[in-house]
Amino acid sequence: MTLTRRPTIRAPRAWPLLGHAWPLLRDPLRFVQSLPAYGDVVWIRLGPARAALVCDPQLTSAVLLDDRTFDKGGLLVERGREVVGNGVGTCPHDEHQRQRRLARPAFHPARLPHYAEGMRRQIATVLGRWRDGREIDVLDEMLTLTGGTVVEAMFAATSLPPRTLATALDDFATVLAGIYRRMFLPAPLDRVPLPGNLRYRAARNRLRRTVGDLVADYRRTGTDRGDILSVLVGSDGPGFTDDEIHDQVVTLFLAGTESAASVLAWALHVLGERPDLEDRLHREVDALSGDLPGPGDLPSLDLTGRIVTETLRVYPPGWLFTRRTTAATRLGEHDIPAGTTVAFSPYLMHHRADLFDDPERFDPDRWDGTSAGPPARGVFIPFGAGARKCLGDTFAMTEATLALAAITRRWRLRPVPGRPVRRTVDTTLRPRGLRMRLEAR
C-alpha cells in the first residue's frame with residue numbers, strides 16, 4: 001500500500017518560516033486545546049519540521065500501546081536526550097526491554113516502605129525550617145523537599161552537601177526550560193554561544209559530573225546500600241554501563257523532583273483558594289495518630305490521594321510528549337509516513353469537556369469511585385500507558401501524598417495578596433510567582 005505524504009489537516013495560522021512556533025511559545029496550552037476543532041489528527045509546523053498532533057483519546061491510546069511503531073523520539077525527546085541521554089524513559093524500542101528489566105527491581109513494591117521512611121525524614125527536615133508568618137516561594141520549597149526525598153532514595157548512604165543539591169536543582173530548572181526552547185531552534189543556532197545556550201550547556205555538564213562522581217564511588221565500594229543506585233550498579237548479569245547508569249539517575253531525578261514539586265505546588269495553590277476543600281483535608285490528616293504520616297498511613301489518606309490525582313489531571317507536569325514513527329502507518333483515517341514526529345498532550349486529553357465533566361473545575365471527588373467508572377484508555381495519562389508507562393508512578397504518588405498530608409497537618413498556606421500566579425509552560429507545566437504565607441496550625 002502506498003501512503004501519501006501530504007498532510008490531511010493542517011493547523012491554521014502558520015507563520016512564514018516559523019510555522020506554529022510562536023503560539024507554541026506564547027500560549028501553548030491554548031494552542032493545543034484549539035486543535036480538536038480541526039480534526040482528530042492535526043499537522044503542525046515548527047520551522048521546516050512537521051509534526052502530527054493527536055487530538056483523539058482512542059488514537060492517543062493507539063500511539064501509547066504500540067511503542068514499536070511509535071517509538072520514543074520526535075522533536076521534544078531528541079532535545080531531552082541531550083540532558084538525560086538514553087535512559088529507560090527516552091531510549092529507543094530496541095533497548096527499552098533490557099533497560100526496563102534492569103531498572104525494575106529498584107521500584108519493586110517491597111522497597112517502597114523503605115523509600116517512604118526516607119521521604120518522611122526529608123519532609124520533616126524541610127518543614128522543620130519553616131516559621132510561622134514567613135512568606136515562601138512554594139515551588140522552590142517543594143523542589144528542595146522532593147529533591148531531598150529523591151536523593152535519599154537514590155543515594156541513601158551518601159549525603160549530598162546542601163549547596164551541591166541546590167546547584168543540581170537550579171541546573172535542572174535551566175535544562176528543563178532549555179529543552180523546550182531548543183525544540184524550536186534549527187541545529188546551527190543551538191550551538192551559537194548565546195547566553196541561554198551557554199547556561200544550558202554549563203548546567204548539563206555540571207549534572208553529568210555530579211552523577212558521574214557518585215557512580216564512581218558506588219563502583220569502588222561494590223556494596224548494596226539499600227538504595228536505587230545500588231540496584232542500578234549491582235544488576236545481575238550484563239548490567240548497565242556507567243553512561244547508562246548516569247542516564248537512569250538523571251531521568252529519575254528529573255521525574256521525581258521537578259514533576260512532584262510542580263504537583264505539590266499546584267495542590268497547595270488550589271487549597272489556598274479553596275478553604276472548603278482545605279477543611280476537609282485537615283479533618284483527614286488530623287485523624288492520623290503520628291506527628292507526620294508514614295507509609296502505614298497511606299490507606300487512610302484517601303482524600304489526599306484524590307487531590308494529588310486531580311492535580312495531575314488539571315496540571316499534568318508532562319503536558320506534551322513526542323514519538324517518532326519507525327514505519328509508515330495509519331492513525332484512524334490518516335496516513336502517517338515513516339519518520340514522522342507524532343505528538344500527544346495529556347493536558348489536552350484531561351481538559352476535554354466531552355471526556356471530563358466540567359473539566360476546568362478542580363474536583364477530587366470525581367475520583368471517589370461513585371460518580372463514574374475509571375477513564376477510558378488515552379483519557380487520563382499523566383504517567384503515560386503501555387510498555388513505556390513511567391516506572392516510578394507509584395513512587396511519585398507516594399511521595400506527593402505523604403508530602404501533602406504532612407504539610408497540611410502542620411501548616412496552612414495562605415495566598416499573598418497582589419502576587420498573581422502564572423503558568424510556566426516549557427518541558428513541564430509549573431506555577432511561577434507562587435508565594436504563600438505560612439500559618440502554623
Side-chain angles (χ1 to χ4, degrees), residues 3-36 38-56 59-60 63-64 66-67 69-86 89-93 175-192 194 196-197 200-201 204 318-332 334-348 425-428:
L3 300 183
T4 179
R5 288 182 176 273
R6 185 174 296 277
T8 314
I9 303 171
R10 293 188 182 96
R13 296 184 293 277
W15 288 32
L17 300 179
L18 294 177
H20 298 97
W22 175 245
L24 276 167
L25 285 167
R26 183 174 180 271
D27 195 348
L29 301 181
R30 182 178 180 181
F31 177 69
V32 299
Q33 283 187 283
S34 74
L35 297 181
Y38 303 101
D40 50 12
V41 176
V42 180
W43 290 80
I44 61 176
R45 189 162 58 82
L46 305 175
R50 295 188 308 148
L53 197 144
V54 183
C55 303
D56 175 80
L59 298 184
T60 298
V63 170
L64 288 167
D66 184 1
D67 63 310
T69 303
F70 301 97
D71 201 359
K72 277 297 180 83
L75 299 171
L76 192 59
V77 172
E78 287 156 12
R79 286 304 192 186
R81 283 178 179 145
E82 296 176 0
V83 179
V84 302
N86 272 312
T90 54
C91 67
H93 177 272
V175 298
L176 276 172
I179 288 170
Y180 186 69
R181 287 195 299 267
R182 288 163 72 85
M183 186 172 70
F184 303 97
L185 286 177
L189 293 181
D190 64 12
R191 293 189 292 272
V192 174
L194 299 171
N197 288 339
Y200 174 86
R201 286 198 287 268
R204 184 188 61 187
W319 68 277
L320 182 73
F321 296 97
T322 62
R323 298 286 178 91
R324 187 174 293 281
T325 53
T326 57
T329 187
R330 287 180 68 84
L331 276 174
H334 306 282
D335 296 332
I336 309 295
T340 297
T341 291
V342 175
F344 63 93
S345 171
Y347 186 93
L348 171 59
V425 186
D426 41 54
T427 311
T428 58

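We count residues from 1, following the sequence as given.
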field: D335 CG to T340 OG1 distance, which is reported to the nearest 0.5 Å
entry: 10.5 Å
field: Pairs meeting criterion side chain to side chain donor-acceptor pair (under 3.5 Å) with involvement of residues 23-33, two or more places apart
entry: none
message: Just to verify, what does F344 make a ring-ring contact (aromatic ring centres under 6.0 Å, His included) with, not counting sequence neighbours?
response: F321
- prompt: What pair of heavy atoms forms the shortest contact from T90 to G85, and how long is it?
  reply: OG1-O, 2.7 Å
task: State whether the side chain of T322 and the backbone N or O of G73 hold a donor-acceptor pair below 3.5 Å, judged by distance alone.
output: yes
- prompt: Can you name the nearest heavy-atom pair linking L59 to G332, along with the distance?
  reply: CD2-N, 3.4 Å
- request: Kindly give the heavy-atom pair with the smallest separation between G39 and I9, and that separation in Å.
  value: CA-CD1, 3.9 Å
query: Taking it one step at a time, do V54 and F70 satisfy side-chain contact (heavy atoms from CB on, under 4.5 Å)?
result: CA-CA 12 Å; V54 183; F70 301 97; over 6 Å; no
message: Quick check: do R324 and V77 have side-chain heavy atoms less than 4.5 Å from each other?
response: no
- line: In short, T341 meets R50 closest at the heavy-atom pair CB-O, 3.9 Å
- request: Can you sort out the partners of R45 under salt bridge (Lys or Arg N to Asp or Glu O under 4.0 Å), two or more places apart, ordered by chain and number?
  value: none
- prompt: Hey, does W319 have a side-chain heavy atom less than 4.5 Å from the side chain of P28?
  reply: yes
message: Going by side chain to side chain donor-acceptor pair (under 3.5 Å), name the residues that satisfy it together with D66, two or more places apart in sequence or in a different chain.
response: T69
- line: Between P36 and L348 the two heavy atoms that sit nearest each other are CG-CD1, 3.6 Å
statement: Residue set satisfying side chain to side chain donor-acceptor pair (under 3.5 Å) with T326, at least two apart, ordered chain then number -> none
field: Separation between CG of L29 and CG of L24, rounded to the nearest 0.5 Å
entry: 10.0 Å
query: Less than 4.5 Å apart, any side-chain heavy atom of T325 and any of P337?
result: no
- prompt: For D71, what residues pass the side chain to side chain donor-acceptor pair (under 3.5 Å) criterion, not counting sequence neighbours?
  reply: none
message: Any non-hydrogen side-chain atom of I336 less than 4.5 Å from a side-chain atom of W43?
response: yes
task: Report the distance from atom CG of D426 to atom CG of L320, rounding to the nearest 0.5 Å.
output: 11.5 Å
Contact check, side chains of K72 and R81, non-hydrogen atoms, under 4.5 Å: yes
field: For the student: nearest non-hydrogen atoms of G318 and P346, plus distance
entry: O-CG, 3.3 Å
field: Spacing of CZ belonging to R13 relative to CZ belonging to F31, to within rounding of 0.5 Å
entry: 8.0 Å
